Amino acid sequence: MKALFIVDVQNDFLPGGALAVPRGDEVIAPINALMDRFEVIWASKDWHPRRTTHFDRWPVHCVRGTEGARFPQALNAARIQRVFLKGTSTDDDGYSAFEATNADLEHLLRHHGITDLYVTGLATDYCVRATARDAARLGFAAYVVKEAVRAVNLAPDDEQKAFHDMQQAGVRIISIHEIS
Ligand code: VGL
Ligand code: ZN
């Protein structure tokens, strides 16, 4: 049993947003297309308090309840059945969706008999990487769909490093065309 997982596709991570991921908007079309091929579609949101040590590292973004934390209009969010809120702590980055505090992602995946997690969204070098790595570590078959992710690339090779690091952790980096 497979599930589509959409990491942090939120206004603040799109061009013009508070922590814009270069070409972050380009993940939306492939994600919308992928939704037709999955029955289980879950997502995470970066959901920060106004003050957190996370903002010592990053510009203020995705403060819970703000416009920047919403899903973009163009994303077919009506298809998302569950949203996992993460980064909710005042003293921890909380990059992985497995660290969500409103619901237990690992438990719910097992409860629904999901063995294969297809990870998409933003950003490849932070929350996508952390989420996919945790999925693999916990024994799920973890896939990252390369057309449906984009990186922050604080250093220009961060995306490549993230792909390599995920592969080392047992995550499979695949193309949309390889999904059956
Ligand atoms: C993220 C940086 C800061 C992410 C979240 O969703 O990848 N990156 N907060
Ligand atoms: Zn954040």
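Computed from a prediction, not measured in an experiment: that's the story for all the values here. Below, each value reflects all heavy atoms present in this structure, side chains not excepted, and no hydrogens, waters or symmetry copies. All ligand and atom numbering here is 1-based and tracks the order in the structure.
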> Side chains of Val171 and Arg129: does their closest heavy-atom pair fall under 4.5 Å?
Replying inline: no

> Of all the atoms in Asp93, is at least one N, O or S atom closer to the Zn ion (ligand 2) than 2.8 Å?
Replying inline: no

>> Taking Arg150 first and then Asp25, would you say they form a salt bridge - that is, a charged N and a carboxylate O separated by under 4.0 Å?
In response: no

> Do any N/O/S atoms of His48 come under 2.8 Å of the Zn ion (ligand 2)?
Replying inline: yes

> What closest approach, in Å, do Asp12 and Ala69 show between heavy atoms, and which atom pair accounts for it?
Replying inline: OD2-N, 4.4 Å

>> Show, in sequence, the C-alpha distance, side-chain angles and deciding distance for Asp46 and Lys86, and conclude whether the salt bridge (Lys or Arg N to Asp or Glu O under 4.0 Å) test is met.
In response: CA-CA 5 Å; Asp46 215 22; Lys86 57 174 199 54; 3.0 Å; yes

>> To check you understand the geometry: which heavy-atom pair defines the closest contact between Thr120 and Ile6, and what is its length?
In response: OG1-CA, 3.5 Å

>> Heavy atoms only, cut-off 4.0 Å: how does Leu122 contact ligand 1, side chain, backbone, both, or neither?
In response: backbone

> Which of the atoms of ligand 1 are close to Asp8, meaning less than 4.0 Å from one of its heavy atoms?
Replying inline: 4 (C), 6 (O)

>> Evaluate His54 for polar contact with ligand 1, using N/O atom pairs at a separation under 3.5 Å.
In response: yes

> What is the nearest protein non-hydrogen atom to atom 1 (C) of ligand 1, stated with its residue, atom name and distance?
Replying inline: Cys127 SG, 3.4 Å

>> Evaluate Leu19 for polar contact with ligand 1, using N/O atom pairs at a separation under 3.5 Å.
In response: no

>> Polar contacts were defined as any N/O atom of the residue lying under 3.5 Å from an N/O atom of the ligand; does this apply to His61 and ligand 1?
In response: yes

> Is the distance from the Zn ion (ligand 2) to some N, O or S atom of Cys127 under 2.8 Å?
Replying inline: no

> Taking the Zn ion (ligand 2) as the vertex, what is the angle from NE2 of His54 to OD2 of Asp46, given to 10 degrees?
Replying inline: 170°

>> If I take atom CZ from residue Phe71 and atom CG from residue Asp8, how far apart are they, to the nearest 0.5 angstrom?
In response: 9.0 Å

> Got the closest protein heavy atom to atom 5 (C) of ligand 1, with its distance?
Replying inline: Asp46 OD2, 3.1 Å

>> If you take the centroid of each ring, where Trp contributes its six-membered ring, are His112 and Trp42 closer together than 6.0 Å?
In response: yes

>> For the CG atom of Leu154 and the CG atom of Asp125, what is their distance to the nearest 0.5 Å?
In response: 7.0 Å

> Within the structure, does Phe13 bring an N/O atom to less than 3.5 angstrom of an N/O atom in ligand 1?
Replying inline: no

> In terms of the angle between their ring planes, are His61 and His48 parallel, tilted or perpendicular, with boundaries placed at 30° and 60°?
Replying inline: perpendicular

> What residue and atom, counting heavy atoms only, is the protein's closest point to atom 8 (N) of ligand 1, and at what distance?
Replying inline: Tyr126 CB, 3.6 Å

> Which atoms from ligand 1 have a heavy atom of Ala123 less than 4.0 Å away?
Replying inline: 4 (C), 6 (O), 7 (O)

